Amino acid sequence: MSTSILATKLYIPRPRPKVVSRLRLIERLNDGLHRKLTLISAPAGFGKTTLVSEWVMGCERPVAWLSLDEADNDPARFLTYLVAALQTIVPNIGSGVIAALQSPQQPPIEAILTALLNEIMTISGDFALALDDYHVIDAKPIDAALTFLIEHLPPQMHLVIATREDPQLPLAKLR
């Protein structure tokens, strides 16, 4: 897989001018920061991306952003972009993971994620990772990888997922 990254997938969308601020929802997002995961699930046009981007602009912790598309159903591509998003906060994180993803014989996804989680543990300070448009992901290996990531998430990391439908994650267990 090529290391070419489309940088615009890592940009936090700017809130539109004259958008109605949803302070109660932003407060709920802030209240959820002490948990592993915040899931925002609503139909198209309900303002999920707008809400999360507005929240990010006022968030006191760094936030990495990844806008997903259909091509991200490939586990190697998904993980490459996940690392690239994290590198917007910590530039050198995951370089070994990227090398492993580019090798002809990739190690198992769980081994790659273990290495990434160990590197994330070295990050000082709290931060969040926002995954936008997760509904485009329909690959079970990615759902399994994200489940592994959430189950072993370091305490300084918070994950925010915006989606049109509930993902295939163990949501009942995570509640």
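These numbers come from the heavy atoms of this one structure, side chains and all, not from hydrogens, waters or symmetry mates. Quick caveat: nothing in here was measured; it's all calculated off a predicted structure. The residues of the chain are indexed from 1 along the displayed sequence.
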>> Just by distance, no angles: are the side chains of Asp69 and Tyr81 close enough, under 3.5 Å, to form a donor-acceptor pair?
In response: no
> Near Arg28 CZ, under 6.0 Å, is it more than 12 heavy atoms from other residues, nucleotides or ligands?
Replying inline: no
> Less than 4.5 Å apart, any side-chain heavy atom of Ile40 and any of Ile161?
Replying inline: no
> When you check the gap from the basic side-chain N to the acidic O, do Lys9 and Asp72 get nearer than 4.0 Å?
Replying inline: yes
> Do Arg77 and Leu101 come within less than 4.5 Å of each other through their side chains, counting heavy atoms only?
Replying inline: no
> Are His158 and Phe127 close enough that some pair of their side-chain heavy atoms sits under 4.5 Å apart?
Replying inline: no
> If we only count heavy atoms from C-beta on, is the Thr49 to Leu51 side-chain gap below 4.5 Å?
Replying inline: no
> Using a distance-only test with no angle check, is there a side-chain donor-acceptor pair under 3.5 angstrom linking Glu165 and Ser41?
Replying inline: no
> Does the side chain of Leu146 come within less than 4.5 Å of Ile137's, by heavy atoms?
Replying inline: no
> Between CG of Asp133 and OG1 of Thr163, what distance do you get to the nearest 0.5 Å?
Replying inline: 8.0 Å
> Are side-chain heavy atoms of Leu10 and Ile5 found at a separation under 4.5 Å?
Replying inline: yes
> Going by distance alone, is a donor N or O of one side chain under 3.5 Å from an acceptor N or O of the other, for Trp55 and Ser53?
Replying inline: no
>> Can a donor-acceptor pair be found, under 3.5 Å and without considering hydrogens, that links the side chain of Gln156 to the backbone of Met121?
In response: yes
>> Can you tell me which residue among Val97, Ile120, Leu79 is in a side-chain contact (heavy atoms from CB on, under 4.5 Å) with Leu113?
In response: Leu79
> Counting distance only, does the side-chain N/O of Glu119 pair as donor-acceptor with the main-chain N or O of Ile93 below 3.5 Å?
Replying inline: no
>> A side-chain contact here means heavy atoms from C-beta on lying under 4.5 Å apart; do Leu131 and Leu82 qualify?
In response: yes
> Salt bridge check: are Arg24 and Asp31 linked by an N-O gap of less than 4.0 Å?
Replying inline: no
